[in-house]
Amino acid sequence: MTDARYYITTPIYYVNDKPHIGHAYTTLACDAIARFMRLDGRDVYFLTGTDEHGQKVEKSARDAGMEPQPFTDRVSQNFRDLAKAMNFSNDDFIRTTEERHKRSCRAIWQKLVKSGDIYLGTYSGWYAVRDEAFYGEEELTAGPDGKKTAPSGAPVEWVEEPSYFFRLSAWGERLLKFYEDNPLFVLPQSRRNEVTSFVRQGLRDLSVSRTSFRWGVKVPGDEAHIMYVWLDALTNYITAVGYPDESNPKWAYWPADLHMVGKDIVRFHAIYWPAFLMSAGIAPPKRVFAHGWWTNEGQKISKSLGNIIDPLKLIETYGLDQTRYFLLREVPFGNDGDFSHKAMVGRINAELANGIGNLAQRTLSFINKNCGGKLPAPGQFMNDDITMIGQARGLLELMRASIENQELHRAIDAWFDVVVWANQYIDRHAPWALRKTDVKRMGTVLYVLVDVLRHLGALMQPFMPEAGAKLLDQLAVPSDERSFASLGGKGELRGGIPLPAPVGIFPRFIEDAQRKVHPAHAMVGRIYQRRSDGVYLRLEKVLRELPDTDDAILMFRKWPTKEEVRLKHSHLIIDLVESQVELEW
RNA sequence: GGCGGGGUAGCUCAGUGGUAGAGCAGGGGAAUCAUAAUCCCUUGGUCGGGGGUUCAAAUCCCUCCCCCGCUACCA
């Protein structure tokens, strides 16, 4: 039996960055999981926040002519705004500059001291003042004058400063044992390999304090030192659930079920963090999952290329739930993925508009027109009906298993399979034909479809909360019966209940170039051209051979009948919304 | 260099010994409830190269080529 509690975290985001797709993606994945778990009856605590200490922040504030605190107040707001725009359902938003966090950091520090894993030493290395960063010996190149230079070209000098160290070197064996006992601690598997091989190479002690800047949590008992950023940052995960007050009711959420991270920070979460915690006598988290990165139209994303993807822009262009769906659907979760406009439009039109959207629309508008707007009561179920309903009702279990292992893409895969099967089902039983021959049977088919839609609507809520709600509204599912507990037979809709007139959930994405011709009535479709040799050409082929007419040709309201095309075999008949146009062929 | 992962249809990938698969794209057809949305059928691959084990290899072994990740103190 799984614990009812579920504690899930995002990394805290470094406020020096502007929120970009990477931030949005990590939190989105957590949001989908958190929402799923809540709907599935779990007691979820979903945490995100901002990391606000460190030298870079101190410097950025100074450059902006501000004190660090008001500066971080401002930039951390960007991340709260993003959470709102993306419809994230985090239960808490932690900031490392909060007093609760500083208290927590001091407490864990003292525990580490007590366990003997902290000692005072000297941190030394090649430091580039210009970059404000340390470099490893092997990264450096010797300049013409024999002076060493950083990869950035900045001159470096050998610097030594007093520093407290964490005795990480003593934790190698215990960590390896921990990984062995918890084979799913790091996922995906490939990251786990990296982590264990890293640890097997042998660990060096970790510098956990600095004296070169002031913006951070002071080391208890030696205020010349600031706690090293990773110790500070990682500690947020226990701060938020009350640490060091273990009598805080929220402490029951610890250990976290899942730390979701980008693949770049696996090591800190999978090696340092459990070592810190074990040393402090605190249970390590249950899982660290490292997801991949996005490229943009096949290109690596970088500031210098200027191809950073702004999540707010995506929402504006494609819609919120469409964006959420794409990001979670397009890529096996954990892998890198490519964002492309074409792929996005493909998903929106093929799966959202034509798949689930049209399925709902064709079913509900049929009921609206032919059943007086009331859900028909089902008659005797046939085998095929039972199979269809079974597929919908079996979805929860499949999705639950996938979500439990962060296989978000599999969950959506399974969900979309049912969409496809339902479209096959409606065609197989053709209620539009039954209307003339067997109205009772027609009602049963429609009822089955509505029950399937009820499951699809409920189960899409974690990924697309607004669209899911919209669909359930149209099915007249009461707001208190939208959790997974009401799936299956429990929340079964009764025949005869009135269903509101349907409205499209997902519009097709129409390219701007097409939209501007007749914005109000734009439609895209296929048209055939009959060539003199009697061969019918598809629209795309016709377009290729008719230059400069794309926009006009794409706009038509009625599919021309073969008869029409045949009569005017040397012309294309285009029935435009505004006017009748003939084009020379 | 070391460790790990991968190279399968035009594209993205599934497939760990038994007649090569899915989605998308391409081609043909049906239907007309629906956001011209859907459904059915279908073209397409010497499974990176070479060698080996086996009755049988995408799958196991050897070797070569290519791609990617990790190889510690910026979050």
Side-chain angles (χ1 to χ4, degrees), chain A residues 11-17 50-57 123 125 131-136 138 163 165-166 168 188-208 210 228-233 262-268 271-272 292 330-332 335-338 342-343 346-347 349-355 357-370 413 416 420 422-428 430-435 442 445-446 449 502-508 510 523-527 536 538-541 556-559:
Chain A
I12 46 175
Y13 302 117
Y14 203 52
V15 289
N16 230 26
D17 282 337
T50 43
D51 181 9
E52 310 187 1
H53 287 139
Q55 192 168 21
K56 282 190 185 172
V57 173
Y123 182 65
D131 301 345
E132 301 187 35
F134 282 90
Y135 293 96
E138 64 291 341
S163 168
F165 281 83
F166 175 74
L168 186 65
Q189 198 64 234
S190 55
R191 299 296 157 198
R192 174 192 153 83
N193 292 346
E194 287 173 12
V195 166
T196 52
S197 84
F198 183 90
V199 174
R200 229 176 278 120
Q201 277 172 41
L203 296 169
R204 298 209 287 269
D205 288 349
L206 204 60
S207 163
V208 288
R210 290 295 147 83
Y228 167 54
V229 278
W230 272 111
L231 179 53
D232 170 356
K263 63 182 185 181
D264 50 331
I265 53 175
V266 175
R267 184 197 311 148
F268 308 101
I271 300 174
Y272 303 171
E330 181 70 3
V331 172
N335 289 8
D336 287 350
D338 181 49
K342 193 173 163 231
R347 293 292 183 191
N349 287 348
E351 299 183 358
L352 295 180
N354 302 350
N358 188 241
L359 173 69
Q361 185 72 8
R362 67 196 301 205
T363 304
L364 295 174
S365 96
F366 196 90
I367 291 174
N368 199 251
K369 285 178 192 158
N370 298 293
D413 251 350
F416 190 68
V420 171
N423 267 319
Q424 293 169 346
Y425 173 87
I426 193 173
D427 270 48
R428 211 158 44 233
W432 47 92
L434 290 169
R435 183 174 53 131
M442 174 192 86
V445 169
L446 292 170
L449 285 162
V503 244
I505 311 170
F506 294 112
R508 287 179 62 80
I510 311 288
M523 288 193 202
V524 184
R526 290 178 185 164
I527 184 169
Y536 284 85
R538 283 266 293 274
L539 173 66
E540 294 91 319
K541 206 160 272 174
F556 61 91
R557 187 168 60 189
K558 272 280 179 192
W559 183 286

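Hydrogens, waters and symmetry mates play no part in the numbers below; they use all other heavy atoms, side chains included. What you see is a predicted model, and the numbers here were worked out from it, not measured in a lab. Each chain gets a letter, A, B and so on, in the order the sequences are listed, and its residues count up from 1.
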Legend entry - Arg508(A) vs Asn354(A), side chain to side chain contact (heavy atoms under 4.5 Å, CB included): CA-CA, chis, key distance, verdict: CA-CA 8 Å; Arg508(A) 287 179 62 80; Asn354(A) 302 350; 3.0 Å; yes
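Summarising the base pairing, A30(B) is matched to U38(B) through a Watson-Crick or G-U wobble pair whose two defining distances lie under 3.5 Å. Under the Watson-Crick or G-U wobble criterion, with both distances below 3.5 Å, C70(B) is paired with G2(B). Checking U12(B) for Watson-Crick or G-U wobble geometry (two distances, each under 3.5 Å) identifies A22(B) as its partner. Base pairing analysis places G17(B) opposite nothing; no Watson-Crick or G-U wobble pair with both distances below 3.5 Å involves it.
Tyr14(A) is linked by a ring pair (Phe, Tyr, Trp, His ring centres under 6.0 Å) to nothing, counting only residues two or more places apart in sequence or in another chain. Applying the side chain to side chain contact (heavy atoms under 4.5 Å, CB included) test to Asp413(A) and every residue at least two apart in sequence or in another chain returns Arg329(A). Contacts of Tyr13(A) classified as ring pair (Phe, Tyr, Trp, His ring centres under 6.0 Å), with partners at least two apart in sequence or in another chain: His23(A), Phe79(A). For Tyr272(A), the ring pair (Phe, Tyr, Trp, His ring centres under 6.0 Å) test picks out Phe268(A), with sequence neighbours left out.
Pairs of residues two or more places apart, or lying in two chains, that qualify as side chain to side chain donor-acceptor pair (under 3.5 Å) and include a residue from residues 193-203 of chain A are Arg191(A)-Glu194(A).
At a threshold of 4.0 angstrom between heavy atoms, the contacts of Tyr123(A) include nucleobase atoms, whether or not backbone atoms are also involved.
At the phosphate of A75(B), OP1 or OP2 sits under 4.0 Å from a side-chain N or O atom of Tyr228(A). A close approach under 4.0 Å does not occur between any side-chain nitrogen or oxygen of Gln201(A) and OP1 or OP2 of U71(B). Regarding contacts with the backbone of A34(B), every side-chain N or O of Trp432(A) stays at 4.0 angstrom or more from both OP1 and OP2. A sub-4.0 Å separation between OP1 or OP2 of A37(B) and a side-chain N or O of Arg508(A) is present. The side chain of Lys369(A) places an N or O atom within less than 4.0 Å of a non-bridging phosphate oxygen (OP1 or OP2) of A34(B). Side-chain N/O atoms of Gln424(A) include one lying less than 4.0 angstrom from OP1 or OP2 on C40(B).
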Listing time: all N or O pairs from protein to nucleotides 4-7 of chain B that are below 3.5 Å?
from  : atom 1 : to        : atom 2 : distance (Å)
G4(B) : O2'    : Asn193(A) : ND2    : 3.3

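Distance from the side chain of Ser197(A) is smallest to C3(B) among C3(B), U35(B), U38(B).
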